[in-house]
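Comments concern the structure below.
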Amino acid sequence: MNMEAPKSRFRFAFSSSRFSLLWNFFKGFLLLSLLLRIVFMLWQMNEVSWSPIAVIRTLATGMFFDIGVVGFVALPGILYLLLFPNRYIGSRLDRFLIYFFFSLTVLLLVFVFFAEITFWEEFRTRFNFIAVDYLIYTHEVVSNIQESYPLPYLISGVAVITFLIVFLFQKKGIFAWTFAAKASVKERLSVFAVTAVSLLFYIGFIKNTQAEWSSNRYNNEISKAGIYSFFAEFRNNQMEYTRFYTSIDSKKAFEIARNQVKQSDSRFLKEGTSIRRDITDAQPSDAKPNVVFILMESMSGSFMKEFGNEKGITPNMDKLAQESIFFSNLYATGTRTVRGMEAVTLCIPPTPGQSIVKRPDNQGLFTVSNVFRDKGYQNSFFYGGDGYFDNMNSYFGGNGFTIYDRGRGSVLSDKIKTQRYNIDDNEVTFENAWGICDENIYDKMLKIADQHYAAKKPFFNFVMTTSNHRPYTYPENKIDIPSGTNRDGAVKYADFALGQMLEKAKNKPWFKNTVFVIIADHCASSAGKDEIDVANYHIPAFIYNLPTQTPEKIQQQCSQIDLFPTLFSKLHWNYRSDFFGKNVYDKEYTERAYVGTYRKLVYMKKEKTMILSDQKKQAFYDWNKQTNELKSIPMDKKFLEETIAGYQAADYLFTNKLLKE
């Protein structure tokens, strides 16, 4: 075999054949990454921009980030080649170490490529903070993968592809060149120096957000490298508002924010950096109806016939829309369950980074549980999985709720002073990766409601459902779509379980004195070609069985954060508020909604839409509701300041521990 071939065949800085494996690994990684990027472009064929410049820039930007990734991945190998003595090159030890770690690296990378495809299928994005979470909550994630995908085939596929790649390298003589040639100290130091300088450049100067060059969100996401994005998210868990976003003077921000939350029946308790106020109803009432609150997993407004869906998968909710106070123009604050929980309990705009539910020091906050507790209610949180997931038990337990969940061995911190009860096996008829089916969690809630009624305690029961989630499995023979088929089946089952729970509740002695509040945590999908896909934040919400209330449809634009303030006004309660949410019936209510991602912060007033981005950027759009398109319009300074004020004030209050009771 001609061992000089690589020198004549490959003209690059790493001139020795000792680096043949490394150089071919570089090329192979870049080629596979390019192919994956093309797959994503074809996948979103109707959404990406196909102009020649957009295509070239998407692929070129992606290649730039891929070079950084492959440099980091190859660094251990480069260090090995730098330090391994020449006299042992080609020895059994050298062969074993290179074969083993090369094969292991390829195996892991092939697995990551498969993971990127499944992640894209679910979220239409490269790895982000959700992927970081998935690394933490291994039980739910691994179980979900096992139940959603043919795992034996996927693992076999990863192994086969890895074997073929190693075999190809062997067949081409690349390993032989690596084991046959020595490299001078100068060559090895040169390779290491070039790599080290390059990686320091990426670490010091290249941010993941620099891949977001286009107004088309899909081109931006495809321009990114999944592995690079994954590690970038470790730094984005919490983002200080004034550091990353356009800000104004704090005094001015709070002046505007206080004006935003002011109502005709409110009185602020102090001046300055506070929005805490007393709400005084013109006709105060001592009525204390029980409240059952249902936060429904991934229940997009677009699933309902009420909003044009003709599949007939939400008959119970469509009926409920005619029998309740129905919010027909309400928007979720975010794209994850913890955002929905944050919005409905704290009634606060989505602060940048992770939801407050997942942050440290989030106990003892002023939440809706304070209002109920001050009225003498028993507050309970029901979740069909292990509430360790997404830090739910810590958040709810630390903010006045008794916990009922499907504990799998996780232990609540001693700092959380609450009671936690396990949902026993004999109370479960069906369970998947995320928890017990909706029927079972509703039955548990009804059972506890009976106990509170018997003890003559008014109750506030917060129920988080799980069935409308991949792998879309639920008990068989409940609906006409087989379990595990698709999202439509999960939606129809969730609707069925809700209707069944309400029918059971009607036979309870406490039903006539119980209000049911139902809302989605977020939509099933939030991806779109624009910065923010506004239509994919539209969710249904209901207040049902309110005494003396006739059915009504609220068409004003509003937010998840407005739900409980509106309920409290319908109950004619006097209460203390630290909420950004408002009563939509108030004469001073202005239609608006806060929506966003962990980085994009959005303020909408009807069709006018302001988007704040990190790196202190902002953009102003006109939203066409019929086409769901954003059209750029000239900046409105007053609107911008109003947008900034809400988000800056909310972040300031949490960061400075001013949301505490």
Side-chain angles (χ1 to χ4, degrees), residues 1-34 63-113 158-206 225-228 230-231:
M1 182 178 294
N2 181 12
M3 297 305 173
E4 297 300 317
K7 291 186 179 181
S8 60
R9 188 174 178 181
F10 303 115
R11 300 290 183 181
F12 64 112
F14 311 156
S15 58
S16 171
S17 298
R18 178 64 171 166
F19 298 101
S20 295
L21 183 63
L22 180 67
W23 175 238
N24 282 279
F25 172 76
F26 267 60
K27 293 194 299 180
F29 179 89
L30 296 178
L31 176 61
L32 288 176
S33 296
L34 175 64
M63 181 71 72
F64 175 78
F65 277 90
D66 288 339
I67 291 172
V69 171
V70 74
F72 284 108
V73 172
L75 183 59
I78 292 171
L79 286 171
Y80 173 82
L81 295 176
L82 171 68
L83 300 174
F84 196 81
N86 270 342
R87 65 179 179 272
Y88 296 120
I89 290 177
S91 65
R92 288 184 178 180
L93 178 63
D94 186 34
R95 291 173 180 271
F96 170 78
L97 291 174
I98 287 180
Y99 269 117
F100 177 78
F101 285 105
F102 177 79
S103 301
L104 180 62
T105 302
V106 171
L107 180 73
L108 293 174
L109 289 176
V110 172
F111 177 82
V112 168
F113 282 134
V158 170
V160 168
I161 293 173
T162 301
F163 173 79
L164 291 175
I165 291 174
V166 175
F167 177 77
L168 178 65
F169 275 53
Q170 173 70 30
K171 191 74 173 176
K172 293 290 185 180
I174 296 171
F175 283 105
W177 297 333
T178 300
F179 296 138
K182 292 179 172 58
S184 67
V185 173
K186 181 179 179 181
E187 288 173 328
R188 286 181 284 168
L189 286 173
S190 297
V191 171
F192 174 75
V194 169
T195 304
V197 170
S198 300
L199 297 186
L200 287 173
F201 169 74
Y202 275 92
I203 292 171
F205 299 100
I206 305 303
I227 298 175
Y228 204 98
F230 179 86
F231 286 100

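We number each residue from 1, following the sequence as shown.
Rounding to the nearest 0.5 angstrom, the gap separating the CZ atom in Phe179 from the CD1 atom in Ile98 is 4.5 Å. To the nearest 0.5 angstrom, Thr195 atom OG1 is 7.0 Å from Leu75 atom CG. Separating the OG1 atom in Thr162 from the CG atom in Leu109 is a distance of 9.0 Å, to the nearest 0.5 Å. Residue Thr105 holds its OG1 atom at 6.5 Å from CG of Leu108, rounded to the nearest 0.5 Å. Taking CH2 of Trp177 as the start and NZ of Lys172 as the end, the distance is 8.5 Å to the nearest 0.5 Å. Interatomic distance, CD1 of Ile203 versus OG of Ser198, reported as 11.0 Å (0.5 Å rounding).
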(request) Take Val191 and Leu82 through the side chain to side chain contact (heavy atoms under 4.5 Å, CB included) test and state the conclusion after the steps. (result) CA-CA 8 Å; Val191 171; Leu82 171 68; over 6 Å; no
(request) Given side chain to side chain contact (heavy atoms under 4.5 Å, CB included), test Ile165 with Val110 step by step and report yes or no. (result) CA-CA 10 Å; Ile165 291 174; Val110 172; 4.2 Å; yes
(request) Could you please spell out the steps behind the side chain to side chain contact (heavy atoms under 4.5 Å, CB included) verdict for Lys27 and Leu30? (result) CA-CA 5 Å; Lys27 293 194 299 180; Leu30 296 178; 5.9 Å; no
(message) With side chain to side chain contact (heavy atoms under 4.5 Å, CB included) as the criterion, how do Val112 and Phe230 come out once you've worked through the C-alpha distance, each side chain's angles and the decisive distance to 0.1 Å?
(response) CA-CA 11 Å; Val112 168; Phe230 179 86; over 6 Å; no
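Counting heavy-atom neighbours within 6.0 Å of Phe111 CZ, excluding the residue itself, gives a total of 12 or less.
Among all heavy-atom pairs drawn from Ala225 and Val69, the shortest one is CB-CG2, 3.8 Å. The two residues Arg18 and Ala183 have their closest heavy-atom pair at CB-CB, 4.0 Å. Annotation for Thr178 and Ser20: closest pair OG1-CB, 4.0 Å, computed over non-hydrogen atoms. The two residues Lys182 and Glu187 make their nearest non-hydrogen contact at O-OE1, 4.5 Å. Taking both residues in full, the closest heavy atoms of Phe26 and Gly71 are given as CZ-CA, 4.5 Å, listed atom of the first, atom of the second, then distance.
By the side-chain contact (heavy atoms from CB on, under 4.5 Å) test, Lys171 is found to be paired with Phe167, residues two or more places apart in sequence or in another chain being considered. In this structure, the side-chain contact (heavy atoms from CB on, under 4.5 Å) partners of Val185, at least two apart in sequence or on a different chain, are Arg188, Leu189. Residues satisfying the side-chain contact (heavy atoms from CB on, under 4.5 Å) test with Phe102, not counting sequence neighbours, are Leu21, Phe25, Val106, Val166, Phe169, Phe175. The ring-ring contact (aromatic ring centres under 6.0 Å, His included) search around Phe101 returns none, not counting sequence neighbours. In terms of the ring-ring contact (aromatic ring centres under 6.0 Å, His included) criterion, residue partners of Phe96 (sequence neighbours excluded) are, by chain and number, Phe100.
Remark: side-chain polar atoms of Asn86 are not paired, donor with acceptor, to backbone N or O of Ser184 under 3.5 angstrom.
The aromatic rings of Phe72 and Tyr202 sit perpendicular, their planes meeting at an angle over 60°, well past the 30° parallel limit.
Pairs passing the side-chain hydrogen bond (donor to acceptor under 3.5 Å, both in side chains) check and including a residue from residues 68-82, sequence neighbours excluded, read Tyr80-Asp94.
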